[in-house]
Chemist: 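Pasting a structure below so you can have a look.
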Amino acid sequence: MQRIDQFIRSLAVEAIRDSWSATLPEDQIQVQKTRREFIGDFTIVVFPLLRFSRLSPEETANALGSYMVDQSEMLSGFNVIKGFLNLLVSQKYWIEFLNGDLRSAVYGFTPVHEGSQKVMIEFSSPNTNKPLHLGHIRNNLLGYSISRILKASGKQVRKVNLVNDRGIHICKSMLAWQKFGDDETPESSGMKGDHLVGKYYIKFDQVYKSQIESLVEEGKTRKEAETAAPVIEEAREMLRKWEAEDPEVRALWEMMNNWVYEGFERTYSRLGVSFDQTYYESQTFKLGKEIVQKGVEAGVLYKKEDGSVWADLTDEGLDQKLLLRSDGTSVYMTQDVGTAHQRYNEYGFDSHIYVVGNEQNYHFQVLSIVLKKLGFEWADKLYHLSYGMVELPEGKMKSREGKVVDADDLMDEMETTARQMSEELGKLEDYNGEERNSIYRQVGMGALKYFILKVDPKKNMTFDPRESVDFNGNTGPFIQYTYARIRSVIRKGKGHDKFAGEVHLNDKEISLIRMMYEYPDIIGESSRTLNPSLIANFLYELAKEFNQFYHDYSILSAEKKEEMAMRLLLVEVIGQIIDSGMDMLGIEVPERM
RNA sequence: GGUUCCGUAGCUCAGUUGGACAGAGCAACAGCCUUCUAAGCUGUGGGUCGCGCGUUCGAAUCGCGCCGGAAUCACCA
């Protein structure tokens, strides 16, 4: 069915040509939806047209309005307030739209086919020395949701994870376990593997700090003490052994990493995220060296006397960036050059998104420039989705001080709150334990996910635990509740939903249809800007509008049969959109709650 | 200091390409369940959109300059 806003644009162009002999492109016509406080569906702003009409704003709007309403039966009327022409769309159009496009289960979605654009998206990217925390949750939820949104807008999406499984930080946990662990394992301690390893990471830090203090007391400067503390020297030694593939160190490393992976797997599965492919840094950290060497030969990079390789970025307003250490080993940047190259060759992406916090803005800025310098024409296909930090009401999270919100604990807490709330309301008493638990899980996770995804990714956000467990207002459970209400009505209205199209829509009904009319644009915009919050806020508005409708009008005891059938259809498609929209946020919706 | 990002109600956040008196939720107060799920709905109060200048018929939105905050500028990742 023809998009009515497009139609309005082209009709307006026609009107302007006929009335004032001016030809202008359609995108010059400003069409917006009419604000709530005025009567109408779409509004044309006529101020920009005054130079063609050479009339007052009111006269221009009136002339345009009467021409357009005369010409088309899709428009049923208009009114003019100041320089704004408010157009009414005919009942017929909205009814056909409801009975046509909106019925489709894939309304708003663009199908993916073989030739569709290929997008690779990297997210999560955890370190294997400690469990996941709130910051990782934002990363994972964003990455996963964006992958869903891209898919919905017709992209072939490949989700990848890059696990940072090697380096000095891992050695710290390993060393502390070796020294103080007494062969403790996840089995023997009953701890989740990632938490167990994290415990030794903290243990290392405590010992390290106390050693620094002793050295400072002995008269060393803090800086000296930080490099000379015995325990850090041991960790460095362990890293050297790791690099030299010392069998003992490698065995320990593998054992502890596997504990972590098992723990991560549980956290991921609970979060509902998954990957098509997982890369491990231990397998990719040497990549990029050859490319950098070629860059030196080609003269776009330069080598210092000590053998280290650098990129000179002063042309770009930046400084020098190291790409290979003097001992010939790679740094993070080198590795990313290598993995990007490898991924492009293997997958041939049209775009590659890195979901990484804004603390790495500089890194990705440099990465693009370096790749461009090296002559890769796909350098501009890389996109850093830079999201803001998650802060607590009392300030920043500090992982070494234990001032973090642990991912697993948080999920537990959300589910517990959902359980308490539900038990208080007592709505699921005829469900068995398993069914109830499933709903507590859905609601708890829905609250958490929505709370995080409703915020614009690029902004820093404050996570207030008190606020996050509030399930009223602009929250995931509010939308889930709306869905459950809808499903309940649908179940009761079965058999009364044969809608023929002979009906008069009231303002609330039109308003709902008009909101759903926008859904494809919302998906498009959120895909273009990689911003799930647009969908979250759209769903909230829709749910709120539905709840008002639900309060003001009866569906199952509508006056006429045809009206009831229309309302059942209307409500069903609202439910479908809530379902498909929440699915893009990675949130499940319950039949009951 | 350089670069990037942010500054909207007491708090948390919306506000597509500039458009009609700046919107929600939470918190506070007052109402609405013998009727489709009250995790809902309705109402009241609450703002110099950080400040100033400029562009424009029109600026929370665009430009410049300040003020305030965040991140980053390692032979760490």
Side-chain angles (χ1 to χ4, degrees), chain A residues 27 30 32 34-38 43 45 47-48 50 57 81-84 86 125 127 164 166-169 281 304 306-310 316-319 321-327 329 331-333 335-336 357-363 365-366 386 388-389 391 393 396 418 421-422 424-425 427 443 447 451 454-456 458-464 466-468 470-475 477-482 484-493 518 521-522 524-526 528-529 533-534 536-537 540-541 543-544 547-548 550-558 567 571 592-593:
Chain A
D27 57 11
Q30 286 187 50
Q32 51 198 240
T34 304
R35 295 183 57 129
R36 242 165 225 299
E37 57 268 38
F38 303 102
T43 296
V45 185
F47 294 107
L50 302 185
I81 296 166
K82 294 197 229 168
F84 299 89
N86 301 319
S125 317
N127 289 347
N164 186 353
R166 47 143 246 136
I168 189 78
H169 47 289
E281 200 191 303
K304 284 190 182 171
D306 64 2
S308 58
V309 175
W310 297 74
E316 317 278 344
L318 305 172
D319 48 14
K321 186 72 194 176
L322 178 89
L323 289 171
L324 285 179
R325 295 192 185 93
S326 46
D327 63 5
T329 56
V331 294
Y332 183 42
M333 187 65 68
Q335 186 193 140
D336 263 357
N358 62 14
E359 74 254 7
Q360 293 192 32
N361 284 353
Y362 182 73
H363 172 78
Q365 198 187 345
V366 170
S386 161
M389 300 287 94
E391 285 164 21
K396 293 179 59 176
M421 181 85 80
S422 178
E424 242 169 69
L425 296 166
K427 290 185 182 177
V443 174
F451 190 85
K454 75 174 174 184
V455 181
D456 187 333
K458 69 172 186 286
K459 291 191 178 176
N460 287 357
M461 65 175 288
T462 307
F463 185 88
D464 186 342
R466 273 206 327 276
E467 204 182 323
S468 71
D470 184 349
F471 293 176
N472 303 311
N474 189 358
T475 65
F478 171 87
I479 298 169
Q480 290 173 315
Y481 174 71
T482 307
R485 273 181 146 182
I486 287 172
R487 296 306 303 164
S488 172
V489 174
I490 299 292
R491 281 192 298 272
K492 292 184 176 159
E518 286 180 73
D521 298 334
I522 301 285
E525 182 69 7
S526 105
R528 201 175 59 72
T529 58
S533 79
L534 300 179
N537 287 301
Y540 172 64
E541 296 295 333
K544 206 164 50 142
N547 279 315
Q548 288 169 8
Y550 181 86
H551 179 266
D552 293 347
Y553 300 96
S554 178
I555 296 152
L556 297 177
S557 32
R567 286 184 183 165
V571 161
R592 284 183 54 184
M593 68 183 270

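Values in this document were obtained by computation on a predicted structure and should not be read as measured data. Below, chain A is the first sequence line, B the second, and so on; all start at residue 1.
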Chemist: Under a 3.5 Å limit for both distances, which nucleotide forms a Watson-Crick or G-U wobble pair with B/C53, could you say?
Modeler: B/G63

Chemist: For atom C1', what is the distance between B/U48 and B/U8, given to the nearest Å?
Modeler: 12 Å

Chemist: I'd like the P distance from B/C6 over to B/C64, given in whole Å.
Modeler: 14 Å

Chemist: Looking at A/Arg35, does any N or O in its side chain come under 4.0 Å of the phosphate oxygens OP1/OP2 on B/G23?
Modeler: yes

Chemist: In whole Å, what separates the C1' atom of B/A60 from that of B/G7?
Modeler: 11 Å

Chemist: Would you measure the distance from the C1' atom in B/C49 across to the matching atom in B/U61 and give it in whole Å?
Modeler: 10 Å

Chemist: Using the P atoms only, state how far B/G45 lies from B/A38, rounded to an integer number of Å.
Modeler: 28 Å

Chemist: Output yes if the stacking criterion (under 5.5 Å between centres, under 30° between planes) is met for A/Phe47 over the base of B/G19, else no.
Modeler: yes

Chemist: So, A/Phe84 and B/A20: ring centres less than 5.5 Å apart, planes less than 30° off, yes or no?
Modeler: yes

Chemist: Closest nucleotide of RNA chain B for A/Glu467 versus for A/Arg325: which of these residues is on the 5' side?
Modeler: A/Glu467

Chemist: Between B/U12 and B/G54, how far apart are the P atoms? Round to whole Å, please.
Modeler: 33 Å

Chemist: Using a 4.0 Å heavy-atom cut-off across all strands, classify A/Asn460 as base, sugar-phosphate, or nothing.
Modeler: sugar-phosphate

Chemist: Mind checking A/Pro57 for me? I need base, sugar-phosphate or nothing, with any heavy atom below 4.0 Å counting as a touch.
Modeler: nothing

Chemist: For a quick check under 3.5 Å, do A/Asp306 and A/Ser308 share a side-chain donor-acceptor pair by atom type?
Modeler: yes

Chemist: Is the base of B/C33 syn or anti, if syn means a glycosidic angle within 90° of 0?
Modeler: syn

Chemist: Do A/Thr482 and A/Asn547 meet the criterion of a side-chain donor-acceptor pair at a distance under 3.5 Å?
Modeler: yes

Chemist: Distance only, no hydrogens: is a donor on one side chain within 3.5 Å (strictly under) of an acceptor on the other, for A/Ser533 and A/Asp456?
Modeler: no

Chemist: I'd like a table of atom pairs between the protein and nucleotides 6-8 of chain B - only N or O on both sides, under 3.5 Å - with the distance next to each one.
Modeler:
| residue | atom | partner | partner atom | Å |
| --- | --- | --- | --- | --- |
| B/G7 | OP1 | A/Lys459 | NZ | 3.4 |

Chemist: What contact category does A/Asp336 fall into here, base, sugar-phosphate, or nothing, at under 4.0 angstrom with non-hydrogen atoms?
Modeler: nothing

Chemist: In this structure, are over 12 heavy atoms from other groups packed under 6.0 Å from A/Arg491 atom CZ?
Modeler: yes

Chemist: Encode nucleotides 36-42 of chain B as B, S and - characters from 5' to 3', where the letter depends on protein heavy atoms closer than 4.0 Å: B to the base, S only to sugar-phosphate, - to neither.
Modeler: BBSBSSS

Chemist: Can you tell me, in whole Å, how much space there is between the P of B/A22 and that of B/G46?
Modeler: 14 Å

Chemist: Aromatic rings A/Tyr332 and A/His363: how do their planes relate, parallel, tilted or perpendicular, breaks at 30° and 60°?
Modeler: parallel

Chemist: For A/Glu518 and for A/Tyr362, find the nucleotide of RNA chain B with the closest heavy atom, then tell me which residue's nucleotide is more 5'.
Modeler: A/Glu518

